[in-house]
Structures are given as C-alpha cells and as structure tokens.
Amino acid sequence: MPELPEVETIVSDLRPLVDGRTVTAVDLRFPSIVRHPEPEAFARDLPGQRVVALERRGKYMLLRLGGGAVLVVHLGMTGQLLHKQPEDPYRPHTHAVLSLDNGTQLRYSDPRRFGRLLLGTEAELIAARRLPRLGPEPLDPEFTPADLHRRLAGRRAPLKLLLLDQSVLAGVGNIYADEACFRARIRPDRPAGRLSRERVRRLHAAVRESLLQGIANRGSSVDDYVDLYGARGRQQEELQVYGRGGRPCFKCGAPLTLVRLGGRATVFCRRCQR
DNA sequence: TTAAATTCCTGTAAGC
DNA sequence: TGCTTACAGGAATTTA
C-alpha cells in the first residue's frame, strides 16, 4: 500500500525526470480513473502544460503546472506510476499514459482502481471536494508533540483510527500506523484522548522514525507497491508487526495479536504495548 | 463534531 | 483440479 514513504520515494525519483518537462499527449485508456474535471476536459487541457514543481502532500503527488493548475495523482491501494519508453509493453490495467516532450512516458496502472487523477487549481479541487483538507505533515519540523496532543485531545476513538485519519495527520496508513504504535509501545486500541503527554511524545517520535525508516528503505512492498522503475522497496523486511498476526514478537517472543479496528486489520504485541 | 458503517474494486489465497 | 468465498484497504459517503 502506498503510504507517505512510498509516495515520497516516487516523487523524489520523479522530480529529475519530469521537472521542466511538458506533457505532449494524454491517452486515457480507462477514463473514469480521472475524477476531475470530466475526462474529456482532462485529456484536452493537460497536453501543452509544463511541469514546474513536484511535491508530496500526505499520500498525494502534486505536479504543479506552469498555468497555475496542478496534476494530482493518488495511488489508492494498488496504483502504480511507471516511467517507460513508448515501445515498452503495457502492463495490465494501464489506465492513463502521459507522453512527455523528451519522448518518455508516465503510465498509471491500478487494478483495484481506488486511485485517481485530478487536474485543476488547488482552490478549484478543494471547492469541488476532490482534495480533502489534510492534517499536518508528520515530518514537517514545525509539527510538534504538542500539536499531536492537541489533535488527539478529547477523542475517544482508538488511537490507530486517528492515526489513519488524514485530517488528523497526513500520510500514515495501515502499515506505518501499526509500526508506529509498536515503536511507541502503545496499544493501538487505546482511546486516543487518554494518552499522557509522555506517551504522545513517544508516539510523535515513533511516527516520524517509522516513516523515515520507510523512506530510507524506499518503501514497503508488501503487496503491489513498486517504484517508478518497477523495483520493490526493502522496508517490508524491517516491519515488526504489520501482517505478522499470530507470529512471535521479535522483541519478546510472545505471539502477536490480530484484531480489527474500524474494519482494519491491526497487529500488536500485548506484552510490549500497553 | 464525532464515530461507526458502508461502498468502491479485483487479485490472491484459503477452503471445499 | 476447479470452483466459491473471504479478504486486503484509502477515502468518500452515509447514518446515527
């Protein structure tokens, strides 16, 4: 699943390849992957536009265009953005192909189609409710333990569900939420608003460390995630709890507990996390 | 405002 | 072997 570290890996690889390039053609092979504007307008308006900056916001990729609009890519669960030559064979479920003025292509494929492409100014996309208001960037130096404490205060939902809530914190998904809770030694089913300042401070550090380790390892390839070139990340080899329900905790040896929180598989260690 | 449930979608794996 | 079924989950939407 592409979460913050996976999207960050793609954006930083994509930057030197696409920054300054102009989109010359758009081929929508599955038009409804475009959620804004109408696919016809998307395919008509994007060609001729030059990419002037690439950013990541939460799990969203933002390609800023010369005209003031932004091309937004969200990978959903199984989305892949691949950098290809025109003669390379298409992989299945390739929904959109963007040709660039250096002769290369960006291809978007997504079997489950939970991902999306958007085009417009940020104000327009927010007004159209296509871009949600996102919480702070966890790796922003200005994001402090006090900020996190304030955002969790008064909330009775399980901690894990708030870590997954993109309006509370942007970019954390199921993998890094479980990993951060383990690293912080906090049970993911604890009511979020009941955590002491000390525990929130630990959680704040744990979230950042988990994400930074993921970036350093070029992401977790537990399912379909690959980078721009189709290569897998290495972070899945470092995961302590995600996907390991019933298997022994690497730290204490006790079998890890698998529960369901908000419909999400959640794994933690009853002995190490309290 | 918050929280929980539902929906979308298909490849994969488990079970019979 | 071949079929059916359950499961994976990000985020929008709906309901309470």
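Labels below follow one simple rule: chain letters A, B, ... track the order of the sequence lines, proteins then strands, and each chain is numbered from 1.
- Residue contacts for A:Tyr60: at a heavy-atom cut-off of 4.0 Å it reaches the sugar-phosphate backbone alone, with no base atom in range.
- Here A:His93 reaches the OP1 or OP2 of B:dG11: one of its side-chain N or O atoms lies under 4.0 Å away.
- Taking only side-chain nitrogens and oxygens, A:Arg260 comes nearer than 4.0 Å to OP1 or OP2 of C:dA8.
- Between A:Arg156 and A:Phe114, the residue anchored nearer the 5' end of DNA chain B, judged by the nucleotide with its closest heavy atom, is A:Arg156.
- The side chain of A:His74 contributes no N or O atom lying less than 4.0 Å from OP1 or OP2 of C:dG10.
- Taking side-chain N and O atoms only, A:Arg264 has no distance below 4.0 Å to OP1 or OP2 of C:dA8.
- Across the protein-nucleic acid pair, A:Arg116 atom CZ and B:dC8 atom C1' stand 10 Å apart, rounded to whole Å.
- Note on A:Arg155: a side-chain N or O is less than 4.0 Å away from OP1 or OP2 of B:dA3.
- Ring centers of A:Phe143 and A:His204: under 6.0 Å apart, within the cut-off.
- In this structure, the CD atom of A:Gln166 is 15 Å from the P atom of C:dT13, given to the nearest Å.
- A salt bridge links A:Asp13 to A:Arg218: one of the charged nitrogens lies within less than 4.0 Å of a carboxylate oxygen.
- Between A:His95 and A:Tyr108, the angle of the ring planes lies from 30° to 60°, which puts this pair in the tilted group.
- In this structure, A:Arg194 places its CZ atom where only 12 or fewer heavy-atom neighbours from other residues, nucleotides or ligands lie under 6.0 Å away.
- One finds a side-chain N or O of A:Tyr242 lying less than 4.0 angstrom from the OP1 or OP2 phosphate oxygen of C:dG9.
- Contact between the side-chain N/O atoms of A:Arg130 and the OP1/OP2 oxygens of C:dA11 is not found at any separation under 4.0 Å.
- Residue A:Pro132 is classed as a sugar-phosphate contact, given heavy-atom separations below 4.0 Å to backbone atoms only.
- Residue-to-nucleotide proximity on DNA chain B shows that, of A:Gly154 and A:Gly262, the 5′-proximal contact is made by A:Gly154.
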